[in-house]
Every structure is written in C-alpha cells, then in structure tokens.
Peer 1: 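Have a look at the structure that comes next, please.
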Amino acid sequence: MSQDEYQYHPETRAVRIRSERTDNMEHSSPMYITSSFTYPDAERMRATFADETDDYIYSRFSNPNVDEVIDKVAMLEGAPAGYATASGMSTIWASFMALLSAGDHLLACRAIFGSTHTLITKYLPKYGIQYDYFDINDPTSIEALIKPNTKMIFVETPSNPGLDVIDLEWLGKLARSHNVILNVDNCFATPILQRPLALGAHLVTTSATKWMDGQGRVLGGVVVGEPDLIKQIYTFCRSTGPSLSPFNAWVLSKSLETLPVRMARHSESALKLATALEGNPHLVWVKYPFLPSHPQYAIAKKQMSGGGGVFCFELKGGVEQGRRFLDSLQLLSLTANLGDSRSIASHPSSTTHAKLTEEERLLAGITPGLIRISTGLEYPDDILHDIVQALDKSK
Ligand SMILES: *Cc1c(COP(=O)(O)O)cnc(C)c1O
C-alpha cells in the first residue's frame, strides 16, 4: 500500500487535522480572531456570496478554527458533515428548531440533562411541538409511543446522571422503520467510546464543554450526521447566531488531540474506582456501565469500547447523608461541571435536580442519596482514598 492510500488511525488524525498552514509556516494552528474575511476584488466577493467558492465570509457562519473542530469531531464520529456552536445546549436547541415544525412530535428519554428537559417541556410547546417521554429502562414501550407525526427520537446513552444505557442498534432500526430521525446526545461516551452513527443514528449532538475540552475551560457544542440534516441546522444557526467563538474552538481543537488518551485513562480509573467501591458498607449500590452488575452491562459492552469517566452510587442515609458526604471530601471538587481533569462529586437531589418534585426525581432515576462522580486524571488511588475517607467520616 502506498503512503497515499494508507489511512491513518483516528487517534493520529485527531492530532494532525488542521486548518491550512499560512505562509508563516507555523506549526500550531493560528487563532483566527476575526469577525469577517476580505476579498481581493469585487468578482471574488460576488462569487463567494453566490456560493461559488469556499471562501470564508463572516464568523457567524464559519471560521477556520471552528472548522478545524468540526472536521476532527466528524472524523472521530465517522460523520460526513457537522456543525459547531457556542454550547451543548445551543447545539441541541438548533437540532430541534431546524428540524421540527409546529404539529410535529418529539419522543425523548425521561432521564435527561436538566436544561434539555427545560427545552422540551417549556419551550417546544410554545412553538406547537408536542413531546412524550419514554423510560430508557423499558425499551419495549417505545414503539407504542411513536405517532404518525413523530419526527425525532432524542436519547442520551449513557444517561445523566443515572448512567442508563439503551441499545442504539436496536433503537436505530426502530427509528428507521418509522422514518423518524434518531438524535443521540453522546456527551458521556464521546466518539472515542461510542459511535452512534455507525449503529443507526442520524444525528449526534455533543456538549464539547465536558470530556471534549476535558479541562473545565471553554463551552462548546458539536452536531454531526447526515449532510441534509446538518445543512438545515447550519442554515438555522447562520441566521440565529449561536456561533462558537474562534478562541474556544482553538482551545477545543487542542483538547481533541488528547481526547483518545484521556478517555482511556478516565475509563480505566472509573472502572477501578467503581469496582473497589462496590460492596462498601456505606453504600446501597454502585452503578457504572462496565460493572457486570449494571442492568444493561451486556449492551454497554456491545456498543461502547470503554465505560466512560462517570460512575454513581447511592449512600445509605438519603439526602442529609449526601450533603455530609460532600462536606467530608478533601480532594474532589464540588462543582456543577463534569468531564474535567479534576475529579468532581455532585449530589443531584440537593442541587441540579432540587427544583423537581420527589416523584419527578424518582422518575428520572434520582434517588435521595445519589452521588455522581466524574473521574479525573489524578492518580486513581488518591481519588479512591478521598471517597473512602469521606464515606467513613460522614457515616
Ligand atoms: C452538559 C450537558 C449538556 C449541555 O451542554 P453545555 O455545553 O453545558 O451547554 C447536554 N447534555 C449533557 C448530557 C450534558 O452533560
């Protein structure tokens, strides 16, 4: 095989994909902090506005740094097209607003990221878009919920914070047999561990703020998938303006160079910690997609190449015990984010999901003593030591 035909591995391409080198021959991509782009003459400008060239026009539409991020994520996901926006939420919102119309119906999993729940229940109805939730743990109930006007199925797997998993290959077949768009939030797995398009999804939306940046610095969101769908999302974003800043894109592109290495380490450490904590006398249970005790362990093993960086457990003693546990930690950070090099502990029932009723929380899989751990890149035994000492101290 000649060098021209030889296809580099995704890990190599995540490092090497870059915007075109300038005459300065810089090694690292420059930052294109510019709102607009210029033309040598009126004819070139006319042709560009007539879509006859690929020249840049305005950073609300596209920008070389943003394109670099899109190219990397599309490559990693195995997607023919993509678009990036300012945050995971603007990406998800754009995928709804560009593809759903008044009278359409969206079917989504009930255990879903909090702000996505707000979009679905508070804002979609304002535009005449109906919705129903399904239980990810009861997949056989989904088909009966598909209506003639169902246009999209939206699912998170593994879900946040419950880490429930659904069989994407099966769901992809179901969606296609009903001519429904399958839109997968791949935030927890990232394309390093799970590639939903290869399993039958039409679209993948990801908050780049989490594992993709992986160091708690910038917000961003990326959607990839079928070109005709991406074109509609691009057209919506081009006019509504949730543009990813070139600075954030530059940071994210650098982060994507190390994503494969980081996800391997995050997954390895999370499995080690979840395994060590299973059976701890202060815990009711430990949940992690790659623990054999996980209800969908077989599905997780089939469609993911690693369990990801998040695991959770239920403390004996409920809500008050959750707060005491957080107060007893010395190393782990108490913060709303996840997917950082620094390990993070959170207690959804007293924070992110405190506004829900007890019944709504339980429906979303949020039990009173649920603690979610986002495993960072610290030495794994140090993370474990902090969790164990906090469990012992707060009992
Ligand atoms: C954080 C998150 C989002 C939203 O992303 P932002 O970048 O914060 O807007 C969406 N889905 C999941 C699963 C998330 O964890």
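Along the sequence shown, the residues carry numbers beginning at 1. For ligands, and for the atoms within them, numbers begin at 1 and follow the listed sequence.
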Peer 1: Checking Lys287 now: which residues fulfil salt bridge (Lys or Arg N to Asp or Glu O under 4.0 Å) with it, not counting sequence neighbours?
Peer 2: Asp164
Peer 1: Minimum heavy-atom separation for Gly307 to Leu193, with atom names?
Peer 2: C-CD1, 4.4 Å
Peer 1: So with a 6.0 Å cut-off around CZ of Arg265, is the heavy-atom count from everything else above 12?
Peer 2: yes
Peer 1: Do you see a donor-acceptor pair shorter than 3.5 Å between the side chains of Ser255 and Arg217?
Peer 2: yes
Peer 1: Decide yes or no for Ile166 and Phe134: does some side-chain heavy atom of the first lie under 4.5 Å from some side-chain heavy atom of the second?
Peer 2: yes
Peer 1: Parallel, tilted or perpendicular, judged at 30° and 60°: which one describes the rings of Tyr133 and His117?
Peer 2: parallel
Peer 1: Mind listing the N or O contacts between ligand 1 and protein, cut-off under 3.5 Å?
Peer 2:
| unit_1 | atom_1 | unit_2 | atom_2 | d |
| --- | --- | --- | --- | --- |
| ligand 1 | 5 (O) | Ser207 | OG | 3.0 |
| ligand 1 | 7 (O) | Gly88 | N | 2.8 |
| ligand 1 | 7 (O) | Ser207 | OG | 2.8 |
| ligand 1 | 7 (O) | Thr209 | OG1 | 2.6 |
| ligand 1 | 9 (O) | Gly88 | N | 3.1 |
| ligand 1 | 9 (O) | Met89 | N | 2.8 |
| ligand 1 | 11 (N) | Asp185 | OD2 | 2.8 |
| ligand 1 | 15 (O) | Lys210 | NZ | 2.7 |

